[in-house]
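Contents: one structure, followed by commentary.
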Amino acid sequence: MIVPHVPKKAQKIRRALRTAAKLPARVSGGRGSGRNRLSPSPGENPVAILRLQVIGCRDLAPRAKNSTCDPFVVVSLLNTRYHTPVSKRTPNPEYKDAIFDFALYLSLADRLGTLEIVVWDKDNVLRKEYLGEVALPLEDWFREECGFGFYDERNKPLSVALVSSRATTHPSGFVQLKLGFVSPPLQPGSGAPMPFEQVFALFSKLSRPSLVSAPPVSARLTLCVPACDVTTNYPLYVL
């Protein structure tokens, strides 16, 4: 069989299209991380929704010298993943309407793992550079040991320092976010929603350290700096 000759330019275009197909989808379509085994029990309704708002980032540094930074943020919990749009040519991106919901099921409480937040610099269609990450276990979702509603006035945004799980990356900067619970849609016969403080207490009791979604670095907030980020007045956490 004679194999037809394919020009080198056509080969490059084909490889580029295959690589582009593997890049994350935009905000509205970035659901799913492939870990399908982490599914709730059949017919189970969520007890609450964890709502995450990615407000922006501060003081990011591009990997390459004399280059611009085009950052976007990927967030994931169990088998659900989203990401923000790409912000062009800025180390201090601000994301409008980057609000994502994660359904919380009691059957998955012991496999909850951590909320993963990874910041990338999109170089071009074919490449993206890792800038750092944040991993928040359940006990660090709130500054106080109780669960807040997303729209509760006591629930303030946080500014969390990026860390790196890669020896070749020295992270710089912070990610600004807000976490809180919202009630799931009412289902026939489901009764009244569980109070958010009870949701947090119940998941804290049922959850345990998990290797399912934890990255290879420790995610505990070991130091709470009493000062604030001078650019935002958000409470400043250092991992």
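Please read all numbers here as calculations on a predicted model, not as lab measurements.
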Exercise. For Val119 and Tyr130, run side chain to side chain contact (heavy atoms under 4.5 Å, CB included): C-alpha distance rounded to whole Å, both residues' side-chain angles, the deciding distance at 0.1 Å, then the answer.
Key: CA-CA 7 Å; Val119 182; Tyr130 170 84; over 6 Å; no
Exercise. Ignoring hydrogens and angles, tell me if any N or O in the side chain of Thr169 forms a donor-acceptor pair with the backbone of Pro171 under 3.5 Å.
Key: no
Quiz item: Got a donor-acceptor contact below 3.5 angstrom from the Asp59 side chain to the Pro91 backbone?
Solution: no
Self-check item: hydrophobic_cluster_shared for Ile49 and Trp141, side chain cutoff 4.5 Å
Solution: no
Practice problem: Could you tell me whether the side chain of Asp121 and the main chain of Glu129 form a donor-acceptor pair under 3.5 Å? | Solution: no
Exercise. Check Leu131 against Ala61 and note the closest heavy-atom contact, atom names and distance.
Key: CD2-O, 3.4 Å
Exercise. Might you work through the side chain to side chain contact (heavy atoms under 4.5 Å, CB included) test for Leu177 and Gln53, ending with a clear yes or no?
Key: CA-CA 5 Å; Leu177 52 93; Gln53 179 182 8; over 6 Å; no
Practice problem: Please assess Trp120 against Val86 for the test side chain to side chain contact (heavy atoms under 4.5 Å, CB included), listing each intermediate value before the final yes or no. | Solution: CA-CA 9 Å; Trp120 298 91; Val86 175; over 6 Å; no
Exercise. Answer yes or no: is there a donor N or O on one side and an acceptor on the other, between the side chain of Asp70 and the main chain of Arg89, under 3.5 Å?
Key: yes
Quiz prompt | Closest non-hydrogen atom pair, Ser87 against Tyr95 | solution = OG-CE2, 3.3 Å
Quiz prompt | Shortest non-hydrogen contact between Ala135 and Thr114, atoms and distance | solution = CB-OG1, 4.2 Å
Practice problem: Quick one: sort the Tyr82 and Phe102 rings into parallel, tilted or perpendicular, breaks at 30° and 60°. | Solution: perpendicular
Practice problem: Please step through side chain to side chain contact (heavy atoms under 4.5 Å, CB included) for the pair Leu206 and Asp110, ending with a clear verdict. | Solution: CA-CA 6 Å; Leu206 296 176; Asp110 63 337; 5.7 Å; no
Quiz item: In terms of hydrophobic clustering (I, L, V, M, F, W, Y; side-chain heavy atoms under 4.5 Å; direct or indirect links), are Met194 and Phe150 co-clustered?
Solution: no
Quiz prompt | Donor-acceptor contact below 3.5 Å, side chain Glu44 vs main chain Ser107 | solution = yes
Quiz item: What are the two closest non-hydrogen atoms of Pro157 and Ile55, and how far apart are they?
Solution: CB-CD1, 3.6 Å
